[in-house]
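Quick caveat, the model's predicted, so the values are computed rather than measured.
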Amino acid sequence: MSKFVNEIKEICRKNKKVAMYIDMDGTIAEYHLYNPEEISRKMEEEYLKNEPLKNVIDVLEEISKIDNIEMHILSLSKTNEITEKKKIWLKKYTPFIKEKNWIILTKETGDYTNENRNEIKGKNIELRQKDYDKSIMLDDEQAVLRAAKKMLDNKVEVFHVSSALV
């Protein structure tokens with residue numbers, strides 16, 4: 001069993017109800033860098049071709065079997081079209097995460113802006129925190145993880161995706 005799985009089990013042992021919030025791009029799905037002016041178009045066209053990061057998904061599936069943890073997807077999307085593609089991708093590669101627990105914040109509908117993109121995930125976790133004793137966040141962006149930790153302090157444990165690989 002991995003060190004990461006053991007850490008998550010220990011968090012779950014110390015708390016009654018735990019939520020785990022998982023990023024998509026670069027965390028469970030392959031991430032491609034595009035020129036800024038073509039990011040939305042390329043992602044709309046190519047998102048369903050993104051390979052799953054199988055090692056991370058396998059670890060998350062193992063974690064999902066812990067009795068007192070509830071898995072959530074917490075992802076940002078530039079357009080409604082990309083949001084729909086992400087939903088199709090999730091159905092295919094993460095059937096162990098309930099669809100009702102998919103939180104995909106869409107810039108096109110005003111869910112976030114360039115100015116608040118690093119803090120918006122932490123704010124969404126904070127809104128749901130009353131339902132849980134502890135939250136866990138898994139993401140590939142350090143700025144997002146730091147912002148959530150600063151905002152939620154001891155109510156959240158943050159992990160970079162690389163932690164899930166050791």
Side-chain angles (χ1 to χ4, degrees), residues 4 8 18-66 69-129 131-132 135-148 151-152 156-165:
F4 179 68
I8 301 305
V18 177
M20 184 171 197
Y21 297 92
I22 304 149
D23 175 51
M24 287 184 71
D25 305 320
T27 301
I28 61 170
E30 177 182 31
Y31 185 73
H32 299 277
L33 292 175
Y34 300 110
N35 292 328
E37 61 276 355
E38 60 181 12
I39 236 175
S40 294
R41 182 183 59 79
K42 293 290 256 177
M43 285 186 82
E44 287 173 2
E45 291 173 359
E46 300 175 7
Y47 200 87
L48 295 177
K49 296 177 189 170
N50 287 349
E51 291 292 322
L53 299 178
K54 185 86 170 95
N55 292 346
V56 176
I57 290 173
D58 288 347
V59 166
L60 293 172
E61 188 168 13
E62 182 179 345
I63 289 168
S64 75
K65 295 173 184 166
I66 299 170
I69 197 164
E70 192 169 299
M71 311 289 275
H72 300 265
I73 293 296
L74 182 52
S75 183
L76 302 182
S77 176
K78 291 192 180 300
T79 69
N80 291 322
E81 180 70 23
I82 297 168
T83 297
E84 291 309 308
K85 300 276 173 83
K86 285 186 175 202
K87 290 175 181 178
I88 293 166
W89 192 96
L90 285 166
K91 281 181 186 176
K92 182 174 182 178
Y93 295 111
T94 62
F96 57 92
I97 300 176
K98 297 174 186 165
E99 191 170 342
K100 72 178 181 84
N101 290 346
W102 298 348
I103 306 158
I104 303 174
L105 305 171
T106 308
K107 186 176 182 181
E108 187 174 50
T109 59
D111 291 339
Y112 73 96
T113 64
N114 288 341
E115 292 76 26
N116 72 359
R117 77 172 303 283
N118 288 340
E119 295 84 21
I120 197 68
K121 288 182 180 181
K123 288 180 180 178
N124 268 266
I125 293 171
E126 187 175 47
L127 289 173
R128 293 162 175 80
Q129 189 59 40
D131 298 329
Y132 302 98
S135 292
I136 299 167
M137 184 179 201
L138 183 67
D139 206 297
D140 66 321
E141 291 190 51
Q142 290 187 17
V144 170
L145 294 167
R146 275 194 299 272
M151 185 181 308
L152 297 162
V156 69
E157 296 294 333
V158 298
F159 294 91
H160 186 270
V161 65
S162 59
S163 299
L165 300 172

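When all heavy atoms of N101 and M71 are compared, the pair lying nearest together is ND2-O, 3.1 Å. For the pair Y47 and A29, the tightest heavy-atom approach, listed with the atom from each and the gap, is OH-CB, 3.9 Å. Minimum heavy-atom separation, D25 to K86: OD2-NZ, 2.7 Å.
Of the possible polar contacts, none joining the T94 side chain to the F96 backbone as a donor-acceptor pair under 3.5 Å is found. Judged by distance alone, with hydrogens and angles left aside, the side-chain atoms of S135 form no donor-acceptor pair with the main-chain N or O of V156 at under 3.5 Å. With hydrogens and angles disregarded, a donor-acceptor distance shorter than 3.5 Å links the side chain of H160 to the backbone of D140. Of the possible donor and acceptor atoms, one in the side chain of K85 sits under 3.5 Å from a partner among the backbone N and O of E44.
Using a 4.5 Å cut-off on side-chain heavy atoms (C-beta onward), L90 and I73 make contact. When side chains are defined from C-beta on, I57 does not count as touching L53, because their heavy atoms never get closer than 4.5 Å. Between I28 and W89 the shortest side-chain heavy-atom distance falls below 4.5 Å. Considering only heavy atoms from C-beta on, L152 comes within 4.5 Å of E126 through its side chain.
In summary, E46 and K49 do not engage in a salt bridge, as defined by a charged side-chain N under 4.0 Å from a carboxylate O. Between E70 and R128 there is no salt bridge, since no side-chain N of the basic residue sits under 4.0 Å from a carboxylate O of the acidic one.
Separating the NZ atom in K121 from the CG atom in L74 is a distance of 5.5 Å, to the nearest 0.5 Å. If you take CG on L145 and CG on D139, they are separated by 5.0 Å, rounding to the nearest 0.5 Å.
When only modelled atom types and interatomic distance are considered, T106 and T83 share a side-chain donor-acceptor pair under 3.5 Å.
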